[in-house]
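What follows is a single structure, written as structure tokens, with notes after it.
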Amino acid sequence: MKNKTTSPATEAELWERACGLREKTLGHLAAEMGIELPPHFKREKGWIGQLLERVLGASAGSLAKPDFPHLGIELKTLPLKSNGKPKESTYISMVPLMNTSLLTWTSSDVYHKLHRILWIPYFFDTAISPYHWHFSQPILWSPSVEEEAVLKQDWQDLMSLVQLGQLDQIHARLGEYLQIRPKAMNAAVRTKGIGQDGTKIQTSPLGFYLRTSFTEKIVL
DNA sequence: GCGTGATCATGG
DNA sequence: CCATGATCACGC
């Protein structure tokens, strides 16, 4: 992708740009940026997110950052079903598996990423070409006090399993708003973690995700 | 290998 | 139909 928008100076400017996306099609937006949809669209799972980074002027690439560092705002695309509800869970960040003893909720990646999010919803529909998919009304969101209390509890519960060497007991059914699922190229990928006896083991990389039922409350 | 962007594909 | 567990692409 070639064209890249300059970074928005203020939250208001970012919001203006985001609202300009409303009702636009994916194909139209790509054309404006001088790029084409990839031929194997299904395999390029992050393509829309990366397009929006460019369109809205987010910081480059895969650095560990909020997408808009000076604004403290994270950018997330959100696929919607035809009924307007989210189709998928939302990836937030990797689960730290080593050296987590001093980590707290407010010092965690999850806390910082969820502090403020610009959601760009779009209608996901495999019955038509992705070229014709429409963006919807953007949402600038921060968790309520009540929501953050639950998120914090989920994070603490899940992280305690990580710290206690109980990785084998972690699965996606745990957590009310937050869940942990694999996050890797495939199931053969290994990283270091804490095992049952407290020693270092090789294990699968994991990620924190927001449940679809939680993001549904955001878009409704 | 790790972290960014996520959705895919199948079993229940 | 749906969430879980698995997977895809890319930068460095």
Side-chain angles (χ1 to χ4, degrees), chain A residues 1-2 4 26 29-30 33 35-69 73-100 108-110 112-114 117-130 133 135 154 158 162 167-193 200-217:
Chain A
M1 300 183 202
K2 287 248 158 111
K4 180 169 187 285
L26 183 55
L29 187 60
M33 297 300 285
I35 57 184
E36 294 186 358
L37 272 64
H40 301 293
F41 188 81
K42 271 206 305 188
R43 298 179 199 270
E44 309 251 335
K45 298 177 181 177
W47 194 85
I48 299 181
Q50 288 164 355
L51 173 65
L52 267 295
E53 284 183 349
R54 289 198 164 272
V55 170
L56 297 175
S59 295
S62 58
L63 306 175
K65 43 86 173 116
D67 294 290
F68 303 94
I73 295 176
E74 179 76 11
L75 177 64
K76 288 288 177 193
T77 54
L78 186 64
L80 304 177
K81 296 175 291 184
S82 57
N83 63 7
K85 295 183 176 182
K87 172 183 180 290
E88 295 276 1
S89 56
T90 299
Y91 168 73
I92 299 301
S93 65
M94 299 295 289
V95 177
L97 299 179
M98 296 292 295
N99 307 315
T100 60
S108 69
D109 289 343
V110 175
H112 292 292
K113 295 220 176 192
L114 296 185
I117 296 182
L118 177 62
W119 299 95
I120 309 290
Y122 67 96
F123 287 92
F124 182 105
D125 183 358
T126 52
I128 62 176
S129 163
W133 292 0
F135 291 99
D154 284 345
L158 292 164
V162 171
L167 297 176
D168 54 353
Q169 295 178 36
I170 293 179
H171 51 75
R173 278 149 270 138
L174 300 176
E176 186 175 347
Y177 293 166
L178 271 181
Q179 64 179 174
I180 287 181
R181 305 221 305 278
K183 173 61 170 159
M185 189 61 150
N186 58 58
V189 176
R190 306 277 89 178
T191 189
K192 291 182 177 59
K200 224 183 301 183
I201 61 167
Q202 290 297 116
T203 188
S204 193
L206 303 172
F208 283 111
Y209 295 78
L210 287 179
R211 292 188 179 281
T212 309
S213 55
F214 181 70
T215 53
E216 179 178 327
K217 303 191 306 116

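Atoms considered below: every heavy atom in the structure, side chains included; atoms not considered: hydrogens, waters and symmetry mates. Note on naming: letters A, B, ... go to the chains in the order of the sequence lines (proteins, then strands), and numbering restarts at 1 for each one.
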Scan nucleotides 9-12 of chain B against the protein and return all N/O pairs shorter than 3.5 Å with their distances rounded to 0.1 Å.
residue: B/dA9; atom: OP2; partner: A/K42; partner atom: NZ; Å: 3.3

## Note on the structure
Per nearest nucleotide of DNA chain C, the residue lying toward the 5' end, A/S89 or A/G46, is A/S89
### Summary
Heavy-atom nearest nucleotide on DNA chain C taken for A/A187 and for A/L174; more 5' hit belongs to A/L174
### Message
A/D125: which residues meet the side-chain hydrogen bond (donor to acceptor under 3.5 Å, both in side chains) condition with it, sequence neighbours left out?
### Response
none
Side-chain donor-acceptor distances from residues 76-87 of chain A under 3.5 Å, at least two apart:
residue: A/K76; atom: NZ; partner: A/Y91; partner atom: O; Å: 2.8
residue: A/N83; atom: OD1; partner: A/K85; partner atom: N; Å: 2.9
residue: A/K85; atom: NZ; partner: A/E216; partner atom: OE2; Å: 3.4

#### Entry: Closest listed nucleotide, where the reference is the side chain of A/E44 and the choices are C/dA9, B/dT7, B/dT4
C/dA9
#### Entry: 5′-ward residue of the pair A/A188/A/I92 relative to DNA chain B
A/A188
#### Entry: Separation of atom CZ in A/R43 from atom C1' in C/dA9, rounded to whole Å
11 Å
### Separation of B/dG3 P from A/F208 CZ (nearest whole Å)
13 Å
### Query
Which part of the nucleic acid, if any, lies within contact of A/E74, taking any heavy atom under 4.0 Å across all strands shown: a base, the sugar-phosphate backbone alone, or nothing?
sugar-phosphate
### Task
Assign A/Y122 to base, sugar-phosphate, or nothing according to its heavy-atom contacts below 4.0 angstrom with the strands shown.
sugar-phosphate
Side chains of residues 177-192 of chain A: which donor-acceptor pairs under 3.5 Å do they make with residues two or more places apart or in other chains?
residue: A/Q179; atom: OE1; partner: A/R181; partner atom: NH1; Å: 2.5
residue: A/Q179; atom: NE2; partner: A/A172; partner atom: O; Å: 3.0
residue: A/R181; atom: NH1; partner: A/S89; partner atom: OG; Å: 2.8
residue: A/R181; atom: NH2; partner: A/S89; partner atom: OG; Å: 3.2
residue: A/N186; atom: OD1; partner: A/A188; partner atom: N; Å: 2.8
residue: A/N186; atom: OD1; partner: A/V189; partner atom: N; Å: 3.4
residue: A/R190; atom: NH2; partner: A/A187; partner atom: O; Å: 3.3

### Query
Does any residue of residues 176-186 of chain A have a heavy atom under 4.0 Å from DNA chain B, and if so, which ones, in number order?
A/R181, A/K183
### Query
Listed by chain and number, what are the ring pair (Phe, Tyr, Trp, His ring centres under 6.0 Å) partners of A/F124, not counting sequence neighbours?
A/W133
Is any side-chain nitrogen or oxygen of [X] closer than 4.0 Å to OP1 or OP2 of [N]?
| X | N | result |
| --- | --- | --- |
| A/Y91 | B/dG5 | no |
| A/T90 | B/dA6 | no |
| A/S93 | B/dG3 | no |

### Task
Could you tell me whether the side chain of A/Y209 has a donor or acceptor atom within less than 3.5 Å of a complementary atom in the base of B/dA6?
yes
